[in-house]
Protein chains: 2
Amino acid sequence: MQKTVQKRTLKTRARLIEAAEDVIERNGYQALRVEDVVQAAGVAKGTFFSHFRDKDALMEMLIGERLVACFDQVEQGPVPRTAPEIADALQPIHAFMTSERYVFDLIIRYSGATAITEIGPIARCFERYVRLVAGWLETAKVRKDISPDLLAEGVQAFAIQSMSLKFCALHEAESFSDRLEIYLDAWLTPAN
Amino acid sequence: MQKTVQKRTLKTRARLIEAAEDVIERNGYQALRVEDVVQAAGVAKGTFFSHFRDKDALMEMLIGERLVACFDQVEQGPVPRTAPEIADALQPIHAFMTSERYVFDLIIRYSGATAITEIGPIARCFERYVRLVAGWLETAKVRKDISPDLLAEGVQAFAIQSMSLKFCALHEAESFSDRLEIYLDAWLTPAN
DNA sequence: TGAAAAAAATGACCACGGTCAATTACAAAA
DNA sequence: TTTTGTAATTGACCGTGGTCATTTTTTTCA
């Protein structure tokens, strides 16, 4: 009935995370290999997997952390009131999400909590995105015939669409932010 | 200077594809293992990789083929004229895309031609989606203050959003088609 | 037809994520 | 302090995608 957690555990876990962050700093997320991490942390491979379900679980944690930091930063800024201002305000979040193709793919993959997994930091960020934008929209100069929540979900959909296109060899004509602004303009502009 | 293609090549390739389709029919796309395919086809593993760049390349081909068939089917049907009709008309495409989580993820991953890869069948389908919907929108009862192309891109964005949510443990309240209809209604309804 | 060249196929091998029975370190009870 | 149960760690091993030097088959051309 007792499940003591030894101090050693926390230390090992911290070493693994620090090692992983070092590896990522050097070569990016995409290139991270579990072997490199355990070697840098000075533990056996099996230890890694008793701390993290699998490689993706570590990645979700690390990328999720950074994503949360982006949200914190955005929430510090001023409240945007127009479509271009909204696109601009969200920029730090979008920039991180598209910093690496691997990062974008993983975020999308974890954006919804799957049946098995309990809800993780990335899925929470997707809810937070909608709440954040919906909050802005309540006082912004946008159409009022549609609820802020629905409008915010649309903003998310358009942002993902724009980000996908960023990794697309076609469509490289327009930049990401130009495209997003066009979408948001069309979606948020008051009907008149 | 000469690069003859032997008949044998085509036969082997056909055997591999047929074997793969058999394996998929039995267990779905997700569970396909290259070893099963080569064994069923009666060739060595290396042969597989001289016919397909990697496992994903085979999958892109097979899933792309099915997706193209869905588009062909949808294009046979009558031209929809309202938001609900459009959602309905697209249903076969969306149904296949969400038939398996693996299928959806792979389609999203290949939806834009990456720098390296030349444009494949799935990326082509994404362009076709926009063209198809834009064509419908020209004569549909929808807002006219925005170009059909832009409207169609929005439909695509909302469809992807709805499909993502289908795999999400949260948000299971509304069904996929209900959600898509709500989005399309808001996006396509004439401003007045 | 036979030899040389090109194309295709082979399978042993590697990389890397992930597993698990065995071992070691720890902490509470005696 | 010693004993004992459990938490934590280990590393040999596995599965599966992918590579490549070698062998086999086919084609070309004298």
Side-chain angles (χ1 to χ4, degrees), chain A residues 1-20 22-24 26-63 102-103 105-106 109-110 114 116-117, chain B residues 1-20 22-24 26-63 102-103 105-106 109-110 114 116-117:
Chain A
M1 277 304 111
Q2 50 198 338
K3 45 172 177 175
T4 7
V5 174
Q6 305 180 1
K7 270 179 293 181
R8 184 168 55 141
T9 310
L10 301 175
K11 216 180 267 180
T12 304
R13 192 185 164 85
R15 276 226 308 286
L16 279 167
I17 291 172
E18 196 185 350
D22 280 1
V23 170
I24 289 164
R26 262 200 301 287
N27 309 319
Y29 290 92
Q30 156 75 30
L32 182 138
R33 292 185 314 137
V34 174
E35 286 218 19
D36 291 344
V37 174
V38 297
Q39 188 162 5
V43 300
K45 210 169 181 182
T47 304
F48 180 96
F49 291 98
S50 67
H51 283 267
F52 304 99
R53 191 174 3 80
D54 52 23
K55 182 180 151 178
D56 271 7
L58 169 70
M59 287 309 209
E60 196 203 359
M61 208 203 81
L62 294 177
I63 291 175
Y102 177 86
V103 170
D105 285 348
L106 188 133
R109 205 140 40 78
Y110 278 87
T114 40
I116 308 156
T117 323
Chain B
M1 279 301 109
Q2 49 201 333
K3 46 171 178 177
T4 8
V5 175
Q6 306 178 1
K7 267 179 295 180
R8 182 170 57 143
T9 309
L10 301 176
K11 215 180 264 178
T12 303
R13 191 185 166 85
R15 276 226 307 285
L16 281 167
I17 291 172
E18 196 185 351
D22 281 0
V23 170
I24 289 164
R26 262 200 301 288
N27 309 318
Y29 289 91
Q30 156 77 25
L32 182 139
R33 294 184 312 137
V34 174
E35 286 217 10
D36 291 345
V37 174
V38 296
Q39 188 162 3
V43 301
K45 210 169 181 182
T47 303
F48 179 95
F49 291 97
S50 67
H51 283 267
F52 303 99
R53 191 174 3 81
D54 52 23
K55 182 179 152 178
D56 271 6
L58 170 69
M59 287 310 208
E60 196 204 358
M61 208 201 82
L62 294 177
I63 291 176
Y102 176 85
V103 170
D105 285 349
L106 188 133
R109 206 142 38 79
Y110 278 86
T114 42
I116 308 155
T117 321

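Chain letters run A, B, ... following the sequence lines, proteins first, then strands; residues in each count from 1.
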inquiry  = Determine whether a donor-acceptor pair (one donor, one acceptor, N or O, separation below 3.5 Å) exists between the side chain of B:K45 and the base of D:dG17.
reply    = yes
request  = State which of C:dC26, C:dA7, C:dT10 makes the closest approach to the side chain of B:A44.
outcome  = C:dT10
Considering all heavy atoms, the nearest A:T47-A:L16 contact = O-CD1, 4.5 Å
request  = Round to a whole Å and report the spacing from CZ of A:F49 to C1' of D:dC13.
outcome  = 14 Å
inquiry  = Measure CG/A:L58 against C1'/C:dG17 and give the value in whole Å, please.
reply    = 13 Å
message = Given D:dA8, D:dT16, D:dT10, identify the nucleotide with an atom nearest to the side chain of A:V43.
response = D:dT10
query = To the nearest Å, how far apart are A:R15 CZ and D:dT9 C1'?
reply = 11 Å
ask   = To the nearest Å, how far apart are A:Q39 CD and C:dG17 C1'?
value = 16 Å
query = Choosing from D:dT28, D:dT26, D:dT10, which nucleotide comes nearest the side chain of A:T47?
reply = D:dT10
inquiry  = Does B:T9 reach a base, just sugar-phosphate, or nothing at all? Heavy atoms under 4.0 Å.
reply    = sugar-phosphate
note = By nearest-nucleotide position on DNA chain D, the 5'-leaning member of B:G46 and B:R8 is B:G46
message = Does C:dA8 have OP1 or OP2 under 4.0 Å away from a side-chain N or O of B:H51?
response = no
message = Could you tell me how far apart A:L16 (CG) and D:dT10 (C1') are, to the nearest whole angstrom?
response = 13 Å
request  = Using atom types as modelled and distance alone, determine if a side-chain donor or acceptor of A:K45 lies under 3.5 Å from a backbone N or O of A:V34.
outcome  = no
ask   = Which of the following nucleotides, C:dC26, C:dA9, C:dG17, is nearest to the side chain of A:Q6?
value = C:dC26
query = Just checking B:L32: base, sugar-phosphate only, or nothing, at a heavy-atom cut-off of under 4.0 Å?
reply = sugar-phosphate
inquiry  = Checking contacts here: which listed nucleotide (D:dT16, C:dG17, C:dA9) is nearest the side-chain heavy atoms of A:R33?
reply    = C:dG17
query = Taking NZ from A:K55 and P from C:dG18, how many angstroms apart are they, rounded to a whole number?
reply = 8 Å
key: Length of the line joining A:E35:CD and C:dG17:C1', which is rounded to integer Å   = 9 Å
Length of the line joining A:F48:CZ and C:dT19:P, which is rounded to integer Å = 11 Å
ask   = To the nearest 0.5 Å, how far apart are NZ in A:K11 and CD in A:Q6?
value = 11.5 Å
Closest non-hydrogen atom pair, B:A44 against B:V38 = O-CG1, 3.9 Å
inquiry  = C:dA9, OP1 or OP2 - any side-chain N/O from B:T12 closer than 4.0 Å?
reply    = yes
ask   = If you take all heavy atoms of B:K55 and B:F49, which pair is closest and at what distance?
value = N-CE2, 4.3 Å
note = Taking C:dG18, D:dT27, D:dA8 as options, the one with an atom nearest any side-chain atom of A:D54 is C:dG18
